[in-house]
Undergrad: 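Quick one: this structure, given as structure tokens, is what I'll be asking you about.
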Amino acid sequence: MTAPDSVAMDDDERDEFLGNGGTGVISFPTDGGEAPHSLPVSYGYDAAEETFYFRLAADEDREKSDLLDRPVSFVTYGTVDDTWQSVVAEGRLEETTDASIATETLEGLERVRIPLVDIFGQPPADVDFEFYRLVPESLTARTESSTSI
């Protein structure tokens, strides 16, 4: 009998799994020991810089500092050839309009494809979006490996 186990993917395997974009879940910490605030998101991934890009819906009730001053985690997962794989990135979001990273961001955005997913109940063209990037402080990639019991 075999049981699934997981092993680390190397950088090439991770980059192939991430491609240049897809979907996942980003989580923000909350105050008072409440559960993290998690949102489904689409992302772009720039393998050359190991950087994620996000198109987040602008929220009138949210201050930009709420996103920028807190650690976040991002998770994406799926199966390739019936084998599950996942990537977890942790760090802090950066505004793509910040003058210190604007040039890098433009170059990175040329190498990614952020899927436009309609989850807002209105056409995505009618939703205000803001762009952020995540240069991970921690990046973990795992894949399933069958081992004998």
Undergrad: Does T51 use its side chain to pair, donor to acceptor, with the backbone of V135 at less than 3.5 Å?
TA: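 No; zero donor-acceptor contacts below 3.5 Å.
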
Undergrad: For F17 and Q85, work out which heavy atoms get closest and say how close.
TA: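 Heavy-atom minimum between the residues: CD1-OE1, 3.0 Å.
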
Undergrad: Once you measure the plane-to-plane angle for Y43 and F74, does it fall in the parallel (<30°), tilted (30-60°) or perpendicular (>60°) bin?
TA: perpendicular

Undergrad: Can you name the nearest heavy-atom pair linking P71 to P29, along with the distance?
TA: O-CD, 2.8 Å

Undergrad: Could you state whether M9 and F52 fall into the same hydrophobic cluster, counting links through intermediate Ile, Leu, Val, Met, Phe, Trp or Tyr residues with side-chain heavy atoms under 4.5 angstrom apart?
TA: yes

Undergrad: Consider only side-chain heavy atoms of I, L, V, M, F, W and Y, link residues closer than 4.5 Å, and tell whether L139 and Y132 are in one cluster.
TA: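 Yes, L139 connects to Y132 through the hydrophobic network.
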
Undergrad: Over all heavy atoms of both residues, which pair between L134 and A89 is shortest? Give the atoms and the distance, please.
TA: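 Closest approach of L134 to A89: CD2-CB, 4.0 Å.
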
Undergrad: Tell me if a side-chain donor or acceptor on E144 pairs with a main-chain N or O of W84 at a distance below 3.5 Å.
TA: yes

Undergrad: List for me each residue that meets side-chain hydrogen bond (donor to acceptor under 3.5 Å, both in side chains) alongside E13, sequence neighbours excluded, and say none if there are none.
TA: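 With sequence neighbours excluded, E13 shows a side-chain hydrogen bond (donor to acceptor under 3.5 Å, both in side chains) to no residue whatsoever.
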
Undergrad: Measuring from S27:OG to E90:CD, what's the distance to the nearest 0.5 Å?
TA: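 So the gap between those two atoms works out to 10.0 Å.
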
Undergrad: Quick one, I26 and L93 - any side-chain contact, counting heavy atoms below 4.5 Å?
TA: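 The answer is yes, as the side chains (C-beta and beyond) meet within the 4.5 Å cut-off.
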
Undergrad: Could you check whether any side-chain heavy atom of T76 comes within less than 4.5 Å of a side-chain heavy atom of T23, counting everything from C-beta outward?
TA: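 No. Closest side-chain heavy atoms not under 4.5 Å.
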
Undergrad: Are E95 and E130 packed together at the side-chain level, in the sense that at least one heavy-atom pair is separated by less than 4.5 angstrom?
TA: no

Undergrad: Checking D10 side chain against D12 main chain: does a donor-acceptor pair fall under 3.5 Å?
TA: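 Side chain of D10 to backbone of D12: a pair is present.
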
Undergrad: Write down the atom of Y77, the atom of S86, and the distance for their closest heavy-atom approach.
TA: CB-CB, 3.9 Å

Undergrad: Roughly how far, to the nearest 0.5 Å, is the CG atom of D46 from the CG atom of D15?
TA: 9.5 Å

Undergrad: If Ile, Leu, Val, Met, Phe, Trp and Tyr residues are connected whenever their side-chain heavy atoms lie under 4.5 Å apart, and connections chain through other members, are V80 and L18 in the same group?
TA: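 Same hydrophobic cluster.
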
Undergrad: Can you see which heavy atom on R14 is nearest to which on E50, and at what distance?
TA: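 That closest heavy-atom pairing would be NH2-OE2, 2.8 Å.
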
Undergrad: If hydrophobic clusters are built from ILVMFWY residues whose side chains come within less than 4.5 Å, do L56 and L39 share one?
TA: yes

Undergrad: Do you reckon V75 sits in the same ILVMFWY cluster as V41, going by side-chain contacts under 4.5 Å, direct or chained?
TA: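 Different hydrophobic clusters.
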
Undergrad: Can you name the closest pair of heavy atoms from S42 and F54 and give their distance?
TA: O-CD2, 3.8 Å

